[in-house]
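The structure under discussion appears below in the form of structure tokens.
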Amino acid sequence: MKKLLLFLSVVSQLAGCADTSEPHPCDPLATKETRALYAALFRTARCGILFGHQDDALYGHDWRFEPGRSDVRDCCGDYPAVFGWELGGMELGAERSIDDVPFDLIARRLIEAAGRGAVNTVSWHPSNPESGDSAWDCRTTTAVASILPGGCNHAQYRMWLDRLAMFFASLRSADGVAVPVLFRPFHECTSTGFWWGEAQCTPDEYRALWRFTVGYLRDAKGLHHLLWVYSPDLFRDAEHYMERYPGDGWVDVLGLDAYHRPGEWDFAAGCDRMLSVLQRLGEEHGKPTAFTETGLEGIGIDTWWTECLLPVIRGRSLSYVLVWRNAHDRPTHFFGPWRGHSSESDFRVFVTNDKTRIMLESDLRDIYRP
Ligand code: BMA
């Protein structure tokens with residue numbers, strides 16, 4: 001018996017990266033490339049953790065719109081495995097995002113990234129539908145209710161989604177195949193920073209907004225290349241994390257957004273606690289998990305990568321970890337490495353460390369191949 005158990009454990013360890021059982025996304029009609037990507041998120045989590053960077057291919061700490069350039073590649077010779085992109089402003093019909101990036105450039109770079117075999121994830125900071133001010137306008141508590149079916153801004157919300165749908169539909173490879181995207185709307189719902197935050201709407205309203213959005217893009221607009229990522233901010237416990245959860249039929253990936261803010265909370269202990277809960281919830285719900293946003297603004301600790309980030313993700317079954325953007329126009333607003341920064345060499349140690357495999361773009365193989 002003991003021998004049999006040992007044999008089975010060795011076989012299952014060897015099977016690790018090569019497991020072929022296919023998990024299904026919450027969209028029953030997900031395209032085969034989307035299903036392949038979803039399976040890859042489970043598979044890669046058994047081998048290592050994909051490294052991601054927001055807006056990496058668009059601009060960096062002191063440059064903007066240079067084709068092929070990337071702060072991550074400048075530092076370690078490889079692109080990130082996950083590219084984050086931002087759609088804020090698209091809902092209003094703008095041609096450029098709230099970070100002043102043309103949406104057609106985002107589409108082009110996103111398609112290129114997928115063509116090289118990388119993963120794409122999209123965030124969205126839509127303006128407050130009641131006031132017309134930014135996503136950060138939390139003056140009212142009725143914005144979410146106002147865009148739900150029956151609400152006074154519902155027609156406007158459909159128009160917003162129509163614009164997003166056109167963008168998503170335009171994401172096609174040269175041979176016409178829809179490029180799968182991890183869509184992460186209404187993020188950080190356990191914080192009070194956005195008009196959809198926990199002080200601004202009830203759990204029922206939040207869930208209704210999520211489900212309407214999924215249903216509209218998937219069923220009304222016929223988009224079947226989106227995977228849906230739920231990514232609360234800091235949370236107290238599993239109940240708090242799940243309080244606004246739309247349900248297993250509406251979510252594909254369980255995420256967490258948590259920034260290192262020294263003096264505000266204990267990053268090491270807090271991440272350890274929250275990522276453990278996340279891992280358990282992922283197992284219980286059969287979903288992959290990801291550290292969907294993190295970073296230390298300005299990276300004031302030269303060894304942040306190996307001494308702060310690595311210890312909290314080491315040994316975890318996370319599909320990816322993504323650090324936020326390196327603004328080209330705000331010298332201290334950066335979360336990723338850049339050439340010449342004092343944490344650059346530590347970043348190289350981080351991506352080559354032999355304890356937890358940190359995967360970059362060239363570590364990915366055929367993630368879209370069914
Ligand atoms: C925030 C900041 C903002 C930016 C927004 C959307 O965290 O980086 O400057 O506009 O993300 O990218």
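Note that the coordinates shown come from a computational prediction; the quantities given were computed from them, not determined experimentally. Start at 1 and go down the list; that is how both ligands and their atoms are numbered.
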Checking Y230 against R184: is there a side-chain donor and acceptor pair closer than 3.5 Å?
no
In terms of side-chain heavy atoms, does H187 have a donor or acceptor partner in D257 at a distance below 3.5 Å?
no
Option among D100, D99, D329 that satisfies the salt bridge (Lys or Arg N to Asp or Glu O under 4.0 Å) test with R64
D100
Could you establish whether H333 and ligand 1 come within less than 4.0 Å of each other, counting only heavy atoms on the residue side?
yes
Atom 3 (C) of ligand 1: closest protein heavy atom, distance to 0.1 Å, is R325 NH2, 3.7 Å
Report the nearest protein non-hydrogen atom to atom 5 (C) of ligand 1: residue, atom name, distance rounded to 0.1 Å.
W136 CH2, 3.8 Å
Write down the atom of F347, the atom of C75, and the distance for their closest heavy-atom approach.
CD2-CB, 4.1 Å
Any atoms of ligand 1 less than 4.0 Å from a non-hydrogen atom of H125? List them with their elements.
6 (C)
Between D99, V101, D100, D329, which one has a non-hydrogen atom sitting closest to atom 12 (O) of ligand 1?
D99
Closest to atom 11 (O) of ligand 1 by heavy-atom distance, out of F335, W324, W85, W124, is W324
Around atom CZ of R369, are there more than 12 heavy atoms of other residues, nucleotides or ligands at under 6.0 Å?
no
Tell me whether Q54 has any N or O atom under 3.5 angstrom from an N or O of ligand 1.
no
Is there a donor-acceptor contact under 3.5 Å from the side chain of E86 to the main chain of H125?
yes
